[in-house]
S.K.: 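Sharing a structure with you now.
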Amino acid sequence: MTESKSTLMIVEDDAGLQNQLKWFFSSKYEIVSASGHDDALAEMRRAATDVVILDLGLPPHPDDSAEGFRTLTDLLKCAPGTRIVVLTGFEDTTTAVKAVSLGAWDFICKPADPAVLGVMVDRAFHLARLEEISRAEARHSRESGTFGMITANPAMQQLWQRARKIARTDVTCLIRGESGTGKEVFARAIHDVSTRAKG
């Protein structure tokens with residue numbers, strides 16, 4: 001069984017550059033493309049992706065970055081965890097700083113070196129996968145009641161059972177032990193699964 005490719009969105013109004021980027025990334029990723037704000041949002045809703053390459057100079061005003069910034073903001077509202085690599089012909093640092101302050105994950109100026117852009121995109125997908133693995137492990141840890149700890153030691157398992165019992169109560173608890181033995185791990189675990197975790 002072959003592993004499915006991750007999906008990369010390319011938002012670029014220049015058809016020639018869009019085709020070059022599709023060709024460059026198509027061996028590694030499934031590609032969806034858009035040429036403007038509305039297309040990009042429709043594609044994001046249809047085929048949510050972890051990584052987007054976004055040109056800031058989009059129609060109807062390709063010579064200024066306002067539409068690109070609007071697209072960046074709206075994509076992140078639609079899918080907050082998305083990593084957006086901004087690709088632009090605007091070389092001033094103010095544009096880069098504004099893009100990053102609005103939530104862009106990385107920034108590269110045109111003409112972009114394909115190797116550098118490739119590293120940025122690969123790294124963005126890698127971190128997205130690591131975060132998903134971390135979220136899955138945290139969910140499993142909460143559901144199994146092991147708080148992220150793996151142990152076969154009966155004494156440790158007994159401590160985790162006590163921690164689970166304490167977490168279900170509304171009492172103050174004192175954790176004692178030598179420095180470096182993991183008291184803060186138990187304290188955090190008890191808090192994280194307690195009814196007050198979000199308080």
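Please read all numbers here as calculations on a predicted model, not as lab measurements. The analysis underlying the following values was restricted to heavy atoms, covering all of them including side chains, and did not include hydrogens, waters or symmetry mates.
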S.K.: Taking distance alone, no hydrogens or angles, what donor-acceptor pairs closer than 3.5 Å link side-chain atoms of residues 108-119 to residues at least two apart or in another chain?
M.R.:
| unit_1 | atom_1 | unit_2 | atom_2 | d |
| --- | --- | --- | --- | --- |
| K110 | NZ | E12 | OE1 | 3.4 |
| K110 | NZ | D55 | OD1 | 3.3 |
| K110 | NZ | D55 | OD2 | 3.3 |
| D113 | OD1 | A115 | N | 2.9 |

S.K.: Output all residues satisfying salt bridge (charged side-chain N to carboxylate O under 4.0 Å, His left out) with R123, sequence neighbours left out; order by chain, then residue number.
M.R.: D106

S.K.: Salt-bridge test for R129 and E132: reply yes if a basic N is under 4.0 Å from a carboxylate O, no otherwise.
M.R.: no

S.K.: Roughly how far apart are I53 CD1 and Q18 CD, rounded to 0.5 Å?
M.R.: 10.5 Å

S.K.: Listed by chain and number, what are the side-chain hydrogen bond (donor to acceptor under 3.5 Å, both in side chains) partners of R176, not counting sequence neighbours?
M.R.: none

S.K.: Taking the side chain as every heavy atom from C-beta outward, state whether V32 and T7 have any pair of such atoms under 4.5 Å apart.
M.R.: yes

S.K.: Would you name the heavy atoms of T169 and I166 that are closest together and state the gap between them?
M.R.: OG1-O, 2.7 Å

S.K.: Once rounded to the nearest 0.5 Å, what's the spacing between atom CG of L75 and atom CG of L102?
M.R.: 12.0 Å

S.K.: Working to the nearest 0.5 angstrom, can you tell me the gap between L17 CG and K22 NZ?
M.R.: 11.5 Å

S.K.: Would a hydrophobic clustering, with Ile, Leu, Val, Met, Phe, Trp and Tyr connected at side-chain separations under 4.5 Å, put I84 with M9?
M.R.: yes

S.K.: How long is the span from the CD atom in Q20 to the CD1 atom in I10, to the nearest 0.5 Å?
M.R.: 11.0 Å

S.K.: With a cut-off of 6.0 Å (strictly less than), are more than 12 heavy atoms of other residues, nucleotides or ligands near NZ of K98?
M.R.: no

S.K.: Show me the donor-acceptor pairs, under 3.5 Å and distance only, between side chains in residues 59-68 and residues at least two apart or in other chains.
M.R.:
| unit_1 | atom_1 | unit_2 | atom_2 | d |
| --- | --- | --- | --- | --- |
| D64 | OD1 | A66 | N | 2.7 |
| E67 | OE1 | R70 | NE | 3.3 |
| E67 | OE2 | R70 | NH2 | 2.8 |

S.K.: Taking salt bridge (charged side-chain N to carboxylate O under 4.0 Å, His left out) as the definition, give me every residue that meets it alongside K183, ordered by chain and number, with sequence neighbours left out.
M.R.: none

S.K.: T49: which residues meet the side-chain hydrogen bond (donor to acceptor under 3.5 Å, both in side chains) condition with it, sequence neighbours left out?
M.R.: none

S.K.: Are I31 and V51 connected, step by step, through hydrophobic side chains (Ile, Leu, Val, Met, Phe, Trp, Tyr) whose heavy atoms are closer than 4.5 Å?
M.R.: yes

S.K.: Going by heavy atoms in the side chains, are K5 and K28 under 4.5 Å from each other?
M.R.: no

S.K.: If hydrophobic clusters are built from ILVMFWY residues whose side chains come within less than 4.5 Å, do L127 and L8 share one?
M.R.: yes

S.K.: Under the salt bridge (charged side-chain N to carboxylate O under 4.0 Å, His left out) rule, collect the residues that match up with D170, sequence neighbours excluded.
M.R.: R196

S.K.: Between I175 and I190, is any pair of side-chain heavy atoms under 4.5 Å apart?
M.R.: yes

S.K.: Ring pair (Phe, Tyr, Trp, His ring centres under 6.0 Å): which pairs involve residues 94-135, sequence neighbours left out?
M.R.: Y29-F125

S.K.: Who are the side-chain hydrogen bond (donor to acceptor under 3.5 Å, both in side chains) partners of D13, not counting sequence neighbours?
M.R.: none

S.K.: List for me each residue that meets salt bridge (charged side-chain N to carboxylate O under 4.0 Å, His left out) alongside D38, sequence neighbours excluded, and say none if there are none.
M.R.: none

S.K.: Among all residues two or more places apart in sequence or in another chain, which pass the side-chain hydrogen bond (donor to acceptor under 3.5 Å, both in side chains) test with E30?
M.R.: none

S.K.: Any non-hydrogen side-chain atom of D50 less than 4.5 Å from a side-chain atom of S6?
M.R.: no

S.K.: Could you grab the distance from atom CZ of F69 to atom CG of L54, nearest 0.5 Å is fine?
M.R.: 9.5 Å

S.K.: Under the ring pair (Phe, Tyr, Trp, His ring centres under 6.0 Å) rule, collect the residues that match up with F186, sequence neighbours excluded.
M.R.: W160

S.K.: May I ask you to test the V11-H37 pair for a side-chain heavy-atom distance under 4.5 Å?
M.R.: no

S.K.: Are M44 and L76 co-members of a hydrophobic cluster defined by side-chain heavy atoms under 4.5 Å apart?
M.R.: yes

S.K.: Would you say V100 ends up clustered with V86 if hydrophobic residues are merged whenever their side chains have heavy atoms under 4.5 Å apart, either directly or through other cluster members?
M.R.: no

